[in-house]
Amino acid sequence: MSVIHSELLNAHSFHPKILTHIPIDREYAEYNCYLDIIYVLPPSVFVDPYQLRDLENSIGAVTVLGEHDLELPLQRVKEMRGSIVFLRHSSISTSSLQIELPIHLRYQQPEYHQDHQNITIEAPYAGWTCVDNSVDIIPPYPPLEDIYSLIPHHPSSAYFIQVKSDDKPLLLSVPVGKAEDMPMVTVGTAVTVMACTLWIIHSIVNALKKRRRSDAKGKRRKSE
């Protein structure tokens with residue numbers, strides 16, 4: 001029996017991708033079912049919702065739950081459960097599906113004793129959200145709130161049929177700054193900011209002097 005298989009592309013960069021191969025059971029694809037894929041991302045990893053919306057034709061309808069602020073370093077993240085990327089396919093005509101999900105890594109907190117931080121991502125969880133009666137409406141989320149607390153509860157008669165996965169976690173290694181370099185970086189940043197500020201002040205003063213000289217020349221010409 002075919003199973004879901006996932007792997008990382010560009011695993012050593014700050015912008016890797018999760019490549020997922022999903023076998024399609026035609027019985028469910030032609031029944032009252034939607035294929036749902038769930039990616040659980042730790043706080044160190046995030047997605048760009050706007051980027052994913054541009055890819056909906058290839059990856060499916062996108063919902064991002066939890067933390068997805070694009071600018072925060074890891075130590076500023078408030079939602080320590082991370083985030084969930086929920087993809088839904090309502091119509092599938094092929095015997096298999098291949099999805100490339102672009103992800104991004106947050107800057108890590110500097111460390112004293114290591115220059116890389118290991119990150120583990122759960123294997124994607126996929127299955128069919130179905131209803132027995134064609135009159136019933138499939139809810140906007142799969143009935144998995146008991147497993148994933150970030151998924152909202154939605155009363156429904158729908159049920160979920162999991163597609164078997166190899167359950168192999170995905171491993172990343174991200175470089176981190178050295179904590180012992182922080183004093184030097186702090187001083188260097190302060191000196192750079194001060195130098196830039198002085199340069200701006202100097203430029204403004206020179207511009208004002210030139211303006212005054214130009215105005216003075218203009219007044220002398222008028223008086224002549």
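Computed from heavy atoms alone, side chains included, the values below leave out hydrogens, waters and symmetry copies.
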Distance (rounded to the nearest 0.5 Å) between Ser157 OG and Ile138 CD1:
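If I round to the nearest 0.5 Å, the distance is 9.5 Å.
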So how far is it from Leu101 CG to Leu52 CG, rounded to the nearest 0.5 Å?
5.5 Å
Look at the side-chain heavy atoms of Ile, Leu, Val, Met, Phe, Trp and Tyr, link any pair under 4.5 Å apart, and say whether [X] and [Y] land in one connected group.
X: Ile121; Y: Ile22; result: yes
X: Ile84; Y: Tyr141; result: yes
X: Val64; Y: Ile59; result: yes
X: Phe86; Y: Ile4; result: no
X: Ile103; Y: Leu87; result: yes

N/O donor to acceptor pairs below 3.5 angstrom from side-chain atoms of residues 197-206, sequence neighbours left out:
{"residue": "Thr197", "atom": "OG1", "partner": "Val193", "partner atom": "O", "Å": "2.8"}
{"residue": "His202", "atom": "NE2", "partner": "Asn206", "partner atom": "ND2", "Å": "2.9"}
{"residue": "Ser203", "atom": "OG", "partner": "Trp199", "partner atom": "O", "Å": "2.9"}

Show me, pair by pair, the donor-acceptor contacts under 3.5 angstrom made by side chains of residues 146-156, not counting sequence neighbours?
{"residue": "Ser149", "atom": "OG", "partner": "Arg81", "partner atom": "NH1", "Å": "2.8"}
{"residue": "His153", "atom": "ND1", "partner": "Glu145", "partner atom": "OE2", "Å": "2.7"}
{"residue": "Ser156", "atom": "OG", "partner": "Ala158", "partner atom": "N", "Å": "3.0"}

Show, in sequence, the C-alpha distance, side-chain angles and deciding distance for Glu67 and Arg106, and conclude whether the side-chain contact (heavy atoms from CB on, under 4.5 Å) test is met.
CA-CA 12 Å; Glu67 183 63 74; Arg106 298 189 186 279; 3.7 Å; yes
Should we count NE2 of His12 as having more than 12 external heavy atoms under 6.0 Å?
no
Applying the side-chain contact (heavy atoms from CB on, under 4.5 Å) criterion to Pro102, which one of Val47, Leu55, Asn10, Ile18 satisfies it?
Leu55
Scan for side chain to side chain donor-acceptor pair (under 3.5 Å) pairs involving residues 85-97, sequence neighbours excluded, and state none if there are none.
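Every pair satisfying side chain to side chain donor-acceptor pair (under 3.5 Å) with a residue in residues 85-97: Asp36-Arg88.
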From CA spacing to verdict: side-chain contact (heavy atoms from CB on, under 4.5 Å), Glu7, His21:
CA-CA 9 Å; Glu7 59 187 282; His21 301 270; 4.2 Å; yes
Evaluate side-chain contact (heavy atoms from CB on, under 4.5 Å) for Tyr31 paired with Asp132, printing each intermediate quantity in order.
CA-CA 9 Å; Tyr31 191 57; Asp132 285 329; 3.5 Å; yes
[X] side chain near [Y] side chain, heavy-atom distance below 4.5 Å:
X: Ile119; Y: Pro42; result: yes
X: Ile99; Y: Tyr39; result: yes
X: Ser173; Y: Asn118; result: yes
X: Ile38; Y: Leu144; result: yes
X: Leu170; Y: Ser6; result: yes
X: Leu41; Y: Val85; result: yes

Nearest heavy-atom pair of [X] and [Y]: which atoms, and what distance?
X: Thr120; Y: Leu171; answer: OG1-CD2, 3.5 Å
X: Ala11; Y: Leu172; answer: O-CD2, 3.3 Å
X: Thr129; Y: Pro142; answer: OG1-CB, 3.3 Å

Among residues two or more places apart or on two chains, list those pairs meeting disulfide bond (SG atoms under 2.5 Å apart) that have a residue in residues 4-106.
Cys33-Cys130
Considering residues at least two apart in sequence or located in another chain, which fulfil the salt bridge (Lys or Arg N to Asp or Glu O under 4.0 Å) criterion with [X]?
X: Glu30; answer: Arg26
X: Arg53; answer: none
X: Glu56; answer: none
X: Lys17; answer: Glu100

Which pairs count as ring pair (Phe, Tyr, Trp, His ring centres under 6.0 Å) when at least one residue sits in residues 155-175, sequence neighbours excluded?
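Checked against ring pair (Phe, Tyr, Trp, His ring centres under 6.0 Å) - neighbours excluded - the pairs reaching residues 155-175 are Tyr125-Phe160.
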What pairs of residues pass the salt bridge (charged side-chain N to carboxylate O under 4.0 Å, His left out) test when at least one of them lies in residues 193-205, not counting sequence neighbours?
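Listed by first then second residue: nothing to list.
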State which residues pass ring-ring contact (aromatic ring centres under 6.0 Å, His included) with Phe46; sequence neighbours excluded, sorted by chain then number.
His104
Show your working on side-chain contact (heavy atoms from CB on, under 4.5 Å) between Ile92 and Leu35 and close with a plain yes or no.
CA-CA 8 Å; Ile92 303 173; Leu35 178 66; 3.5 Å; yes
Which hydrophobic side chains are connected to Leu9, either touching it within the sub-4.5 Å cutoff or through other members that do?
Leu19
